[in-house]
Number of protein chains: 2
Amino acid sequence: MCGTGHSREDGVRIGELASRTGVSVRSLRYYEEQGLLASTRSASGQRHYTAGEIDRVALIQRLYAAGLSSRTIAELLPCVHSPSEENSDAAMERMAQERDRLSAHIADLIRTRDTLDELMVINRAHRESLQMAHSH
Amino acid sequence: MCGTGHSREDGVRIGELASRTGVSVRSLRYYEEQGLLASTRSASGQRHYTAGEIDRVALIQRLYAAGLSSRTIAELLPCVHSPSEENSDAAMERMAQERDRLSAHIADLIRTRDTLDELMVINRAHRESLQMAHSH
DNA sequence: CTAGAACCTCACATCCATGTCAGAGGCAAC
DNA sequence: GTTGCCTCTGACATGGATGTGAGGTTCTAG
């Protein structure tokens, strides 16, 4: 009577997760292959995801964008979702390490942006001087 | 009497430039192939670089690190070194565009760093609570 | 002159997240 | 049933900066 068929909390399929997160189906399967993302399988083998996986995918994307490799992300994620002594131990260190690397990278990018700004200022100056010379 | 042989300003060879900039010889040749770097050739075909090229290589590296492609860098560099009306015209726009992209990327990275910080805080909290429970 | 280091070109290899395609099966609607 | 869309696995392709090696020339030190 009310449509979609699965009324219980058995989660969404991969296409749905893809469109919700903006990540391609291909990439979601890849994440699973790399151990970044878990899925429960239906009897016929189709992947099902819970609402929590949406946030997880978002986090994965952010970490990718920050330059972490899938291997590194795989090291950090378990620490995120089940903070026990075991994984915390080494993962915390890597986490701090990646944080520092990221921080350094940000500083570097800011310096590069400043350089670009300077170049643009210089160029504008040249431009104006040319225009002046033109309309002497 | 004073060593190196070439007393005039005929510049350094590629190995020297590589060690001065920390960029591999392979990459320097690649930069030239992409039109990012100029070199004068000796009679026998060996590349010679002037002191200015050192800075240029450094800038190229910075732009690469900022996520620009060699094609984009190639568009910007002429504008940097010879700011005439022609190249300024389109290149300035691209420059502003890349600057904005970079700015957005920086903001994104900062948010990701904050996320990492939060995760570390949470983890530390879990850790301490575990330790407390352990030494009840 | 000669040995070794540096250089040349050309070309193929690597990494890694994604894209893309093929062939097969699952699921809902008509 | 059949049509159409979604999903599955597996495999090959892509792009871009860089590594690496072969085969040959050039430079420099002894």
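Within every chain, numbering begins at 1; the chains are lettered A, B, ... in the order of the sequence lines, protein sequences first and strands thereafter.
Among the heavy atoms of the strands lying under 4.0 Å from Ser70(B) are primed sugar atoms or P, OP1, OP2 only; no base atom is included. The residue Arg41(B) sits close only to the backbone: its heavy atoms come under 4.0 Å of sugar-phosphate atoms, none of a base. Residue contacts for Glu33(A): at a heavy-atom cut-off of 4.0 Å it reaches no nucleic acid atom on any strand shown.
In this structure, Tyr31(B) places its OH atom 12 Å from C1' of dG16(D), rounding to the nearest Å. Protein atom CZ of Arg26(A) is 10 Å distant from nucleotide atom C1' of dC12(D), rounded to whole Å. Note: CD (Glu32(A)) to P (dA17(C)) measures 16 Å, nearest angstrom. Put simply, OH on Tyr30(B) is 17 Å from P on dA11(C), counting in whole angstrom units. Rounded to an integer number of Å, the gap from Leu17(B) CG to dC8(C) P is 11 Å. For Leu63(B) and dG16(D), the CG to P distance is 17 Å, given to the nearest whole Å. dG26(C) atom P lies 13 Å from atom NE2 of His48(A), rounded to whole Å. Rounding to whole angstrom units, CD1 of residue Ile14(A) and P of dG26(C) are separated by 17 Å.
Among the nucleotides dT18(C), dT26(D), dT7(D), the one closest to any side-chain atom of Ser24(A) is dT18(C). You'll find that the side chain of Arg47(A) is closest to dT9(D), out of dT9(D), dG25(C), dT9(C). Across dT7(D), dC27(D), dT18(D), the shortest atom-to-atom separation from the side chain of Gln46(B) is found for dC27(D). Of the candidate nucleotides dC27(C), dT18(D), dA17(C), dC27(C) has the atom lying nearest to any side-chain atom of Ser44(A). Nearest nucleotide to the Ser42(B) side chain, out of dC7(C), dT7(D), dC27(D): dC27(D). The side chain of Arg29(A) approaches dT7(D) more closely than any other nucleotide in the set dT18(C), dT7(D), dG16(D).
Considering only heavy atoms from C-beta on, Tyr49(B) comes within 4.5 Å of Leu37(B) through its side chain. Put simply, the side chain of Tyr64(A) does not reach to within 4.5 Å of the side chain of Val23(A), judged on heavy atoms.
Rounding to the nearest 0.5 angstrom, the gap separating the CG atom in Leu28(B) from the CG atom in Leu17(B) is 5.0 Å. Put simply, CG on Asn123(B) and CE on Met92(A) are 5.0 Å apart, with the number rounded to the nearest 0.5 Å. Here the straight-line distance linking atom CZ of Arg94(B) with atom CZ of Arg71(B) works out to 7.0 Å at 0.5 Å rounding. Rounding to the nearest 0.5 Å gives a distance of 9.0 Å between CZ of Arg113(B) and CG of Leu109(B).
Mapping Arg71(B) and Gly45(A) onto DNA chain D by nearest heavy atom places Gly45(A) closer to the 5' end of the strand.
Put simply, Gln34(B) has no side-chain N or O that comes within less than 4.0 Å of OP1 or OP2 on dT18(D). Close to dA17(C), at under 4.0 Å from its OP1 or OP2, lies no side-chain N or O of Ser27(A).
A donor N or O paired with an acceptor N or O is not found under 3.5 Å between the base of dT7(D) and the side-chain atoms of Arg13(A).
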